[in-house]
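Below, chain A is the first sequence line, B the second, and so on; all start at residue 1.
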2 protein chains.
Amino acid sequence: MTKKIKIKKEIIETPRLMVDIVLFKVIDNTLKLLLIRRGVKPFKNMWALPGGHVDKNEALEKAAFRELEEETGVKNIYLEQLYTFGDPYRDPRGRAISVAYFALGESGQKFHLKSATDAAEVDWFSVKKLPRLAFDHKKIINYALKRLCWKLEYTNIARNLLPKLFTLSELQKTYEVVLGKKIDKRNFRKKIVALNLIKPIKKQKKNVAYRPPQLWTFVAGKNLILDKRELIF
Amino acid sequence: MTKKIKIKKEIIETPRLMVDIVLFKVIDNTLKLLLIRRGVKPFKNMWALPGGHVDKNEALEKAAFRELEEETGVKNIYLEQLYTFGDPYRDPRGRAISVAYFALGESGQKFHLKSATDAAEVDWFSVKKLPRLAFDHKKIINYALKRLCWKLEYTNIARNLLPKLFTLSELQKTYEVVLGKKIDKRNFRKKIVALNLIKPIKKQKKNVAYRPPQLWTFVAGKNLILDKRELIF
DNA sequence: GCAAAAGTGTTCACGGTACACCCATGA
DNA sequence: TCATGGGTGTACCGTGAACACTTTTGC
């Protein structure tokens, strides 16, 4: 070890700080998330969440965006902080805490997945068929899944899972896939429309071999919490 | 091997990791929180949240308990993680991120407040009359207040603000003080009792100059999320 | 005309809210 | 007997859930 390290150690012995990102996306009517295959030790060749170290003067969120793009090529997504995992033994290399981020990609959006030195492979996995995961990433994912389900029901976060224009059936399908349950079509439409979060646009979807559906778009340009739960964030 | 050392070197360039604690308690029918007057620079003599550095191999929650006790003498409280604040310029000494914790003390509980070298003074402040605060602590407190209001309505977290035995009026008062609004007595009782979270015990409160009230206690030994919101955590 | 998804209303149960009076005790 | 907080019930409204048929298009 160099002298520099020694000095730093004396000043403040602080844990390493990292970010990990759980990126969800609905693909083929399935809720999927993005994983990388680790190209380096520890857990080499095992699947893990994209993530890495926070730079000395880098905002946490920026580190999350950067690591995601470096390791997977993904950018332009919705991102919010999830929870900070700090178990002293969660990383075999030594103490490291991870600020986990929760991210959503638009259903239609094409990502140009690319791998990197430390991410030998990148791929989408159904949340129902996850491989064994490195570190405590399984725990982080479970937490993210709960957050996603909750936010879908009590916020307009679905906007980040859908393209600008969509049909009510597509919206409903998104809810069903994420929540893992069937929803009554009439009740769903009534409720969603009553919330005034989406509005119909003049166009209809064309060239479908059945009655052309109305296209809708989200009204507000930002993410909202519905009713009293505005208190949460 | 050389490579390994190189990685270590990079890792050392990590932000400092700290914890801050927002401890709430109801005193004299007012929602208060615990602050320290800083005994050291920066922000010397200014009021701030209790908190400090996380030790190299210390769990985050443990660091929060430790710092709180060291700086204020307070122990045996309810604690949960709130949010991680990581703005690069939040600390004038240089990059530091803070994992904020949210804590609750029992209304009757006596704390032996004591000051320390870095906490020259310790005191409770009404959330409505807070002094100017060091760092971004005002922001952290606002966030904690929202979390508290929300959790009070959708979880049984009130258990941590009250002593083992309490009257329904005391419970209602706690809700009113935290939420900052009057609640109808009959509706409150109906709702609370219907939730089956509390049960009456045989004893009544004695030596009061009016009809002696029934004493109640929380049923479950742990903290719960009510109804569908079990999804959140 | 048929396949395929779009679109549409009513009924019922339950939880939230508004609202006012009598009760038990100590002084 | 009075002052003080304790304790109780009913009526109304809005939201959530259950449930089935007609419509519009492309082929």
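Taking atom CD on A:Glu176 and atom C1' on C:dA5, their separation rounds to 14 Å, with Å as the unit. Summarising the geometry, the separation between CG on A:Asn29 and C1' on C:dA5 is reported as 14 Å, rounded to the nearest angstrom. Across the protein-nucleic acid pair, B:Lys182 atom NZ and C:dA18 atom P stand 15 Å apart, rounded to whole Å. Residue A:Tyr154 contributes atom OH, which lies 11 Å from atom C1' of D:dG16 at whole-angstrom precision. Rounded to whole Å, the distance from CG on A:Leu195 to P on D:dG14 is 17 Å. In this structure, CZ of A:Phe188 is placed 18 Å from P of C:dG9, rounded to the nearest angstrom. Look at CD on A:Gln214: it is 14 Å from P on D:dT24, rounded to the nearest Å. Between the NZ atom of B:Lys205 and the P atom of D:dG6 there is a distance of 9 Å, given to the nearest Å.
Between the side chains of A:Lys190 and A:Asn187, at least one donor-acceptor pair of N or O atoms lies under 3.5 Å.
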Contact pattern, 5' to 3', of nucleotides 19-27 of chain C - B, S or - by protein heavy atom under 4.0 Å: BB--BBBS-
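A side-chain donor-acceptor contact under 3.5 Å links B:His137 to the backbone of B:Leu49. Put simply, the side chain of A:Thr174 gets close to the backbone of A:Glu170: a donor and an acceptor are under 3.5 Å apart.
Residue B:Ser169 places no side-chain N or O under 4.0 Å from the OP1 or OP2 atom of D:dG5.
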Residues 119-130 of chain A, side-chain donor-acceptor partners within the protein, below 3.5 Å, at least two apart:
unit_1	atom_1	unit_2	atom_2	d
A:Glu121	OE1	A:Arg37	NE	2.8
A:Ser126	OG	A:Lys128	N	3.1

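For A:Phe218 and A:Phe166, the distance between ring centers is under 6.0 angstrom.
A:Lys151 is listed as a side-chain neighbour of A:Glu80, based on a closest heavy-atom distance under 4.5 Å.
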